[in-house]
Amino acid sequence: MSTGFLSTRRSGYPSSVCARARARVNLGSTSTVTPHDERIFLCQGKRPRSQEHRIQLRVYKAPEEPNIQVNALGIPVDSKEPEEVATCVGRNGYPIPQVIWYKNGRPLKEEKNRVHIQSSQTVESSGLYTLQSILKAQLVKEDKDAQFYCELNYRLPSGNHMKESREVTVPVFYPTEKVWLEVEPVGMLKEGDRVEIRCLADGNPPPHFSISKQNPSTREAEEETTNDNGVLVLEPAQKEHSGLYECQGLDLDTMISLPSEPQELLVNYVSDVRVSPAAPERQEGSSLTLTCEAESSQDLEFQWLREETGQVLERGPVLQLHDLKREAGGGYRCVASVPSIPGLNGTQLVNVAVFGPPWMAFKERKVWVKENMMLNLSCEASGHPRPAISWNVNGTTSEQDQDPQRVLSTLNVLVTPELLETGVECTASNDLGKNTSVLFLELGEGCITAGDGRGRPRHGQ
């Protein structure tokens, strides 16, 4: 809403007369005051030859908050003359407000061939002014992050005031001077990682990128296939991805191509883990030396684990086994790892075979059963050569290799009075001998009891 303010231009009447005149004007201004009401009021007494008294009515109206619109199309730094940066509009103010432009908090002034401020005003039907100011400037690359805003200065009866617009940033276009490669993740890479290679440049807009890798045989650069975002993704990364990579940035306006500095990419690996001898066979009481080797891009550490238990037996590439017992047969795993790169390792499993007749998981055990029920019985034996298992009763049998020297046989049979009387035997045999386990069947319910406790007793079903 407009504000009316009275001021005395020339006084010839007593103050009481002036006061009454001002009161009459103020009473008339209870309706909305507009700039059209700004005028000089004449006060004259009734006495002859009395002097006139003039009163000036001034109207003030603060403009609305300034609205700023940035040039979204942007400005090239090689422009020959100042280009439009932004437009500032202050609506419905009176008297005409003044505009000041700022860049990074500092006021801008007219500067030949560098800064030009073009302002105009429109008188609305209400008599209020709308001010429009256009800032034009020649920008440089360093202005890409510059903050521009406008300030409206205006007067009210209470004094001078100002309103500020929001800050804006105008796109600045400048040519590319440098192209470089960026690799993620940062740090030492290993096989299995997801690796992203992208090109970056210091120009705006960025050039069209291509990524090439040097062929190690021909030394020629060969372009790699990138995704829609121009990123070369290596997933999973392999040691074959190691090599010399380079970016090319092509400016589509000038058709000038800028190369990056070549960058060496190393995908660390552990490969070709091997154990010698590969399939060792030994007699009981003898000794065995296992040696582990591997290929790697970094220094390696070795350790030996027992496959069945995960127990660490030795740290180093060599494992020595002395006075071998049949229990020493089975799996041994070599683990080759790079201590400086967590998670980078390779393994190789070797099975040690100790010659000997079959060894039973149990000698005898008792199984609680019910007559006429279908029963699953299991029998496990180990030895080298691998034993074969047979049963002394007819039924459905199946075998499963637990490892190269250990086999598990299962018998599915009907519980009959004859079977309760005779029991069940399983016999394991190989070229070096045979051995037998006995299962006693008892009517009733309960758990299986082991015989001599050797091996791993199994429950009947």
Side-chain angles (χ1 to χ4, degrees), residues 66-90 98-121 131-152 164-184 196-212 221 223-232 244-263:
N67 178 270
I68 188 170
Q69 295 295 328
V70 72
N71 174 11
L73 298 179
I75 298 175
V77 297
D78 56 1
S79 176
K80 301 301 182 183
E81 57 186 28
E83 298 276 350
E84 180 179 328
V85 175
T87 300
C88 178
V89 176
Q98 301 298 315
V99 66
I100 300 177
W101 282 95
Y102 289 84
K103 183 178 81 170
N104 296 330
R106 295 185 176 182
L108 292 172
K109 296 182 179 180
E110 286 275 351
E111 184 179 346
K112 187 176 181 181
N113 297 328
R114 296 292 299 170
V115 178
H116 177 57
I117 300 172
Q118 179 181 336
S119 298
S120 62
Q121 59 270 350
L131 176 69
Q132 176 177 284
S133 180
I134 300 174
L135 171 65
K136 295 182 177 182
Q138 274 198 324
L139 301 183
V140 295
K141 179 179 177 180
E142 289 70 26
D143 293 322
K144 60 186 178 67
D145 299 316
Q147 299 287 323
F148 295 90
Y149 68 93
C150 63
E151 174 187 285
L152 295 181
E164 293 178 346
S165 73
R166 61 187 175 91
E167 293 182 324
V168 295
T169 300
V170 63
V172 179
F173 303 123
Y174 43 89
T176 296
E177 297 175 352
K178 182 180 179 182
V179 176
W180 66 94
L181 270 173
E182 181 178 85
V183 178
E184 290 183 350
E196 294 185 357
I197 303 175
R198 57 173 48 84
C199 297
L200 298 173
D202 61 355
N204 185 36
H208 173 75
F209 292 119
S210 62
I211 301 176
S212 59
E223 187 171 344
E224 298 287 319
T225 302
T226 59
N227 63 17
D228 293 340
N229 297 320
V231 179
L232 175 59
L244 203 61
Y245 288 82
E246 184 180 87
C247 267
Q248 289 285 339
L250 176 63
D251 189 317
L252 298 179
D253 291 329
T254 64
M255 298 307 292
I256 296 175
S257 183
L258 287 177
S260 70
E261 289 291 331
Q263 184 168 331

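All values below were derived from every heavy atom in this structure, side-chain atoms included, with hydrogens, water molecules and symmetry-related copies excluded. Numbers for residues simply follow the sequence, beginning at 1.
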Participant: Can you confirm whether the side chains of Q147 and T169 place a donor and an acceptor under 3.5 Å from each other?
Facilitator: yes

Participant: Tell me whether E142 is salt-bridged to K144, with the criterion being a basic N under 4.0 Å from an acidic carboxylate O.
Facilitator: no

Participant: Find the distance between CD (E224) and OG (S212) and round it off to the nearest 0.5 Å.
Facilitator: 8.0 Å

Participant: Say whether E111 and N113, considering side chains only, have a donor N or O and an acceptor N or O under 3.5 Å apart.
Facilitator: no

Participant: Strictly below 4.0 Å, N to O, side chains only: are E81 and K136 in salt-bridge contact?
Facilitator: no

Participant: Taking atom types as modelled and ignoring hydrogens, do the side chains of E246 and S260 form a donor-acceptor contact shorter than 3.5 angstrom?
Facilitator: no

Participant: Heavy-atom count check: over 12 atoms from other residues, nucleotides or ligands less than 6.0 Å from K178 NZ?
Facilitator: no

Participant: Supply the atom-to-atom distance L258 CG to D202 CG, rounded to the nearest 0.5 angstrom.
Facilitator: 9.0 Å

Participant: Considering only heavy atoms from C-beta outward, does the side chain of I197 approach that of V231 to under 4.5 Å?
Facilitator: no

Participant: Any chance you could measure F209, atom CZ, to Q248, atom CD, to the nearest 0.5 Å?
Facilitator: 11.0 Å

Participant: Taking the side chain from N227 and the backbone from G230, do they hold a donor-acceptor pair closer than 3.5 Å?
Facilitator: yes

Participant: Under 4.5 Å between any side-chain heavy atoms of P171 and I75, yes or no?
Facilitator: no

Participant: For residues L131 and Q98, report the shortest heavy-atom separation together with the two atoms involved.
Facilitator: CD2-C, 4.4 Å

Participant: Where is the tightest heavy-atom contact between F173 and P205, given as atom of each residue plus distance?
Facilitator: CD2-CD, 3.8 Å

Participant: Y174 versus P76: any side-chain heavy-atom pair under 4.5 Å?
Facilitator: no

Participant: Between T176 and G203, what is the shortest heavy-atom contact and its length?
Facilitator: OG1-CA, 3.3 Å

Participant: Please examine the side chains of E261 and W180, heavy atoms only from C-beta on, and report whether any two atoms are closer than 4.5 Å.
Facilitator: no

Participant: Working to the nearest 0.5 Å, report the span between CD of E182 and CD of E184.
Facilitator: 5.0 Å

Participant: After noting the C-alpha distance and the side-chain angles of Q263 and V183, does the key distance pass the side-chain contact (heavy atoms from CB on, under 4.5 Å) rule?
Facilitator: CA-CA 10 Å; Q263 184 168 331; V183 178; 3.6 Å; yes

Participant: Search all heavy atoms of L232 against all heavy atoms of T226 and return the closest pair with its distance.
Facilitator: N-CG2, 4.0 Å

Participant: For R166 and Y149, work out which heavy atoms get closest and say how close.
Facilitator: O-CB, 3.4 Å

Participant: So which atom in R198 and which in I211 form the shortest heavy-atom distance, rounded to 0.1 Å?
Facilitator: CA-CD1, 4.4 Å

Participant: Would the distance check show the side chain of D251 and the main-chain N or O of M255 forming a donor-acceptor pair, the cut-off being under 3.5 Å?
Facilitator: no

Participant: Backbone N or O of E84 within a donor-acceptor pair of the N71 side chain at under 3.5 Å?
Facilitator: yes

Participant: Measure the spacing between NE2 of H116 and CD of Q138 and express it to the nearest 0.5 Å.
Facilitator: 13.0 Å

Participant: Applying side-chain contact (heavy atoms from CB on, under 4.5 Å) between L135 and each of V115, T87, V170, report the one that passes.
Facilitator: V115

Participant: Apply side-chain contact (heavy atoms from CB on, under 4.5 Å) to residues W101 and I117 and explain how you reach the verdict.
Facilitator: CA-CA 8 Å; W101 282 95; I117 300 172; 3.7 Å; yes

Participant: If you draw a 6.0 Å radius around CD in E110, do more than 12 non-hydrogen atoms from other residues or ligands fall strictly inside?
Facilitator: yes

Participant: Starting at SG of C88, measure out to CD of Q132 and round the result to the nearest 0.5 Å.
Facilitator: 9.5 Å

